[in-house]
Amino acid sequence: MNPDFFLHHFEPGGEVRAPVLLLLHGTGGTELDLIPLARQLAPAAPVLSPRGRVLENGMPRFFRRLAEGVFDEEDLRRRAAELAEWIPVAAAHHGVAGRPVVAVGFSNGANIAAALLLLHPGVLRGAGLLRALVPLVPATLPPLSATSVLLVSGTADPIVPLANARRLAGLFREAGAEVAHLELPGGHNLGMADVIEARAWLGHVAAGLRT
Ligand code: MLT
């Protein structure tokens, strides 16, 4: 696979031992959307940020949906497999081969990150999922015992029902992941509390991966 299979943005960062931050934007976003967030979360980490290859009325996404919250599972599986294949290729291309990869995704980007964890364990060492839904339920749960997952949900999110986010947290727990699920007052948009919580979580995960 070509490293340019996904149009993407890469920043080398300043810290040689930091995990690579994989940024996954929300619907209608681009590879540049979450860069300011990444710099607040981990100023010195290398950043790999692809743009979703699906267009919905001109808006980039990481997989097709049939309606709000109703996903095209076949497409989701295909796109997750493409992303799983691309990550090590792009990492090698940018000189960070073999470094642990931790995803930070928002909304549609959080959903594809959740699908990556459920379908392609081993690609990500951790994932910060901001406003994620259950993307799909695999027939058998993957072994995720070496994986750290942060879910941050909004208690008044009109797009992500809290019960659905709790179900996702439950799936990850059942798969053996180390899971923290925070339910913040607020809706689908991110706020300062998300930044504070994600930064603390990422610092903890990165410290564990650096040893
Ligand atoms: C999705 O389609 O992945 C979710 O409904 C969230 C969104 O991107 O709007």
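In each ligand, atom 1 is the first atom listed, and ligand 1 is the first ligand listed. Every heavy atom of this structure was used, including side-chain atoms; hydrogens, water molecules and symmetry mates were not.
Set against the non-hydrogen atoms of S107, the atoms of ligand 1 under 4.0 Å away are 6 (C), 7 (C), 8 (O), 9 (O). Each of the following atoms of ligand 1 lies closer than 4.0 Å to a heavy atom of E68: 5 (O), 9 (O).
Two residues are said to be in side-chain contact when any heavy atoms from C-beta on lie closer than 4.5 Å; L119 and R77 meet this criterion.
Taking the centre of each ring, F62 and H25 come in below the 6.0 Å mark. The aromatic ring centroids of W86 and F6 lie less than 6.0 Å from each other.
At the shortest separation from atom 9 (O) of ligand 1 among protein heavy atoms lies R65 NH1, 3.1 Å. When hydrogens are left out, the protein atom nearest atom 4 (C) of ligand 1 is N111 ND2, 3.4 Å; that is the closest non-hydrogen contact. Among protein heavy atoms, atom 8 (O) of ligand 1 sits closest to T27 OG1, 2.5 Å.
The closest approach between a heavy atom of R61 and any atom of ligand 1 is below 4.0 Å. Not a single heavy atom of F62 sits under 4.0 Å from any atom of ligand 1.
With respect to the salt-bridge test (charged N to carboxylate O, under 4.0 angstrom), the residues D75 and R64 do not qualify.
For the pair R53 and F63, the cation does not sit on the ring face, since its NZ or CZ is not both under 6.0 Å from the ring centre and inside 45° of the axis.
Tested against H8 for a side-chain hydrogen bond (donor to acceptor under 3.5 Å, both in side chains), the candidates H94, E31, R51 yield a single pass: H94.
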